[in-house]
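Below: one structure, written as structure tokens.
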Amino acid sequence: MSIEYHSDQEFYRHKKIEELIKQGVQPYGDKYKVTHSSQEISTEFAALEGKQTSTAGRIMTKRGHGKAGFAHIQDSQGRIQVYARQDNIGENDYKFFQSLDIGDIIGVTGEVFKTRTGEITINISSFRLLSKALRPLPEKWHGLKDTELRYRQRYLDLIVNPEVRKVFIIRSKVIQYIREYLTKKGFLEVETPVMHNIAGGATARPFITHHNALDIDLYMRIATELHLKRLVVGGMEKVFELGRIFRNEGISTNHNPEFTTVEVYQTNADYEDMMKLTEELIASAAQEILGTTKISYQGRKLDLSLPWRRKSLLEIVKEITGVDFSNIANDAEARKIALQHGLEIEGNEKKGEITFTFFEKYCEDKLWDPTFIKDYPVEVSPLARRSRDNPQFTDRFETFIAGKEVANAFTELIDPLDQRERFEQQVKKRTAGDEEAHMMDEDFLTALEYGMPPTGGLGIGIDRVIMVLTDSPSIRDVILFPTMRPL
RNA sequence: GGGCCAUUAGCUCAGGCGGCAGAGCACCUGACUUUUAAUCAGGGUGUCCCAGGUUCGAAUCCUGGAUGGCUCACCA
């Protein structure tokens, strides 16, 4: 067997393993009986001082002093210092201890004490090698900085950059909080298919996969919306799904091809109710998990306190660009305005689409403190109900925090005839080459034709919310294994 | 896809004008029984991202490519 060494350090570590095996020591051991975590030893020091304690972890630092030595071992809770003396463990074991490398995982047992300098430490009476590290860890002081390596080898990032662990602990807490919040309010959590015959519920290009036995192509879901609404038709009056969705799009600091959403549907509710739900959910999550709603993001203050600002799309566009689309009579006039503002147009855009483009291009990134932008043109909202006072608009809102879209919600369109017309409009765009336009979903229309109760629906982009709550500049910082090009 | 930038030791990074490949940590050898970025003495461990080109001579200059970051476009 030939082993390829990546460095001289690996060569030495392989040699040490051979030596250990020769001496009958198992370099990859059995479970160790742990009585306390590193953190428990610190917090319960008063009770533990002078008592025997067992803990286990990865060696992160090591300092030898002749016939005694110190090391820090790290577990999921933090670090604890250990102290080994030849007097206590004998010459053989002390030699073994000295031969351990940074990165090795060991179990230690000994008395807890405080050193001269006041650090809580375990005075080792016995220890065991649990797992030998063949590769050296990144540097102890600077950690691992190379972003590519951090994402590709997240385990190293987690070992040497403690703040990374904190981000993912917050992520876990946020998801748990959302689940508990909705469950307590009587929502039922469900799981719907990830592989779809028709990719619907959002404007996006899907990934395609193949089922061999059925010999059919399937789409990875781009939203959970249409299945959840089928469940509402089926009588699930309060329902939600937390899960991964997939969009075959570019990658950026705000986009990862697979990301996590929570979609919520509630009967006899409308988009106003969904606004309240959104702001309450996110603000209370911040209060509960971070202890405050006044946070900062990328060096700038960000106030999540209630209530959040509400503004109509037309208002914000007028405010920021000076263009009042309510005064624009038709599609042709809207296209003229677009040209004047330097937008590229094809010539068949509808007024609503241009209004929306104005918003996306000129307004979105200026919405810092949480803002609900409401009342979207019907052309860009094929699943939302028309507004009662103006059928060219829908009862829909999107939520923006720190310039990022974090939620999208509406009073659901439950009229199967209007829904069919909307799908037909989308199919036209699709036929004209728009790969993101919705597909016709007859099965969904059939469900609507059985009658769906008035319903409010909401989708939240979990990853972006977590970016905001953890002050992370890139979505890759809140996804453990972001999509990367293979090497 | 366009623009800008980066890629040098296991890690973090230096390397004006082209002239023997560098530092800190880590590692190896030795000393040291309460240290803590331990200390002291000694040791440089390398496909300078890859492939061409210019040149007596390329980490350095030129061309092409790879990967990543930022950004614009695309896209919620």
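A, B, ... follow the sequence lines: proteins, then strands. Residue 1 opens every chain. This one's a predicted model, so the numbers in the text were calculated from it and none came from an experiment. Atom set for the values below is all heavy atoms of this structure, side chains included, hydrogens, waters and symmetry mates excluded.
- Contact annotation: A:Arg205 side-chain N/O to B:rC75 OP1/OP2 distance is not under 4.0 Å.
- Looking at heavy-atom distances under 4.0 Å, A:Arg150 makes no contact with the nucleic acid at all.
- Contact check, A:Arg135 against B:rA26: no side-chain N or O comes under 4.0 Å of OP1 or OP2.
- Taking the charged nitrogens against the carboxylate oxygens, A:Lys51 and A:Glu44 have no contact shorter than 4.0 Å, which rules out a salt bridge.
- In this structure, A:Arg63 does not reach the B:rU35 phosphate: none of its side-chain N or O atoms is under 4.0 Å from OP1 or OP2.
- Checking B:rU12, B:rA38, B:rC11 against the side-chain heavy atoms of A:Pro138 singles out B:rC11 as nearest.
- The 5' end of RNA chain B is approached more closely, in terms of each residue's nearest nucleotide, by A:Thr147 than by the other of A:Thr147 and A:Glu249.
- For A:Thr253, the listed nucleotide lying nearest its side chain is B:rC70; candidates were B:rG24, B:rC70, B:rC28.
- When the side-chain nitrogen and oxygen atoms of A:Lys145 are compared with OP1 and OP2 of B:rU7, none of them lie within a distance under 4.0 Å.
- The side chain of A:Ala68 lies closest to B:rU33 when the candidates are B:rC70, B:rU33, B:rG68.
- Side-chain nitrogen and oxygen atoms of A:Arg476 include at least one within less than 4.0 Å of the OP1 or OP2 phosphate oxygen of B:rC70.
- Regarding contacts with the backbone of B:rU34, every side-chain N or O of A:Lys67 stays at 4.0 angstrom or more from both OP1 and OP2.
- Each of A:Phe113 and A:Pro473 was assigned the nucleotide of RNA chain B with the nearest heavy atom; the assignment lying further toward the 5' end belongs to A:Phe113.
- In this structure, A:Glu139 reaches the bases: a heavy-atom distance under 4.0 Å links it to at least one base atom across the strands shown.
- Note that the CG atom of A:Leu302 and the CG atom of A:Leu469 stand 9.0 Å from one another [nearest 0.5 Å].
- Looking at A:Glu319 and A:Lys366, no side-chain N of the basic residue comes within less than 4.0 Å of a carboxylate O on the acidic one, giving no salt bridge.
- Using a 4.5 Å heavy-atom cutoff, the side chains of A:Phe410 and A:Asp395 are not in contact.
- For the OP1/OP2 pair of B:rG68 and a distance below 4.0 Å, the side-chain nitrogens and oxygens of A:Arg485 include at least one atom meeting the criterion.
- Note on A:Ala202: nothing from the nucleic acid sits closer than 4.0 angstrom, heavy atoms only.
- Among B:rU12, B:rC75, B:rU45, the nucleotide with an atom closest to any side-chain atom of A:His255 is B:rC75.
- Between B:rC28, B:rU34, B:rC25, one nucleotide has an atom nearer to the side chain of A:Tyr83 than all others, and that is B:rU34.
- The side chain of A:Asp101 has B:rC28 as its nearest neighbour among B:rC28, B:rG24, B:rU67.
- Comparing B:rG10, B:rG68, B:rC75 against the side chain of A:Pro136 picks out B:rG10 as the nearest.
- Among B:rA38, B:rA73, B:rU34, the nucleotide with an atom closest to any side-chain atom of A:Lys361 is B:rA73.
- For A:Thr115, counting side-chain heavy atoms from C-beta on, the closest listed nucleotide (B:rU12, B:rU34, B:rC28) is B:rU34.
- Considering only side-chain atoms of A:Tyr151, the nucleotide from B:rU35, B:rG69, B:rC27 that sits closest is B:rG69.
- Salt bridge present: A:Asp463 and A:Arg171 bring a charged side-chain N and a carboxylate O closer than 4.0 Å.
- At a cut-off of 3.5 angstrom, the base of B:rU35 holds at least one donor-acceptor pair with the side chain of A:Gln81.
- The pair A:Lys62-A:Asp101 does not meet the salt-bridge criterion, since no charged nitrogen lies less than 4.0 angstrom from a carboxylate oxygen.
- The nearest whole Å value for the distance from the CZ atom in A:Phe70 to the C1' atom in B:rU33 is 9 Å.
- Contact check, A:Lys140 against B:rA26: a side-chain N or O comes under 4.0 Å of OP1 or OP2.
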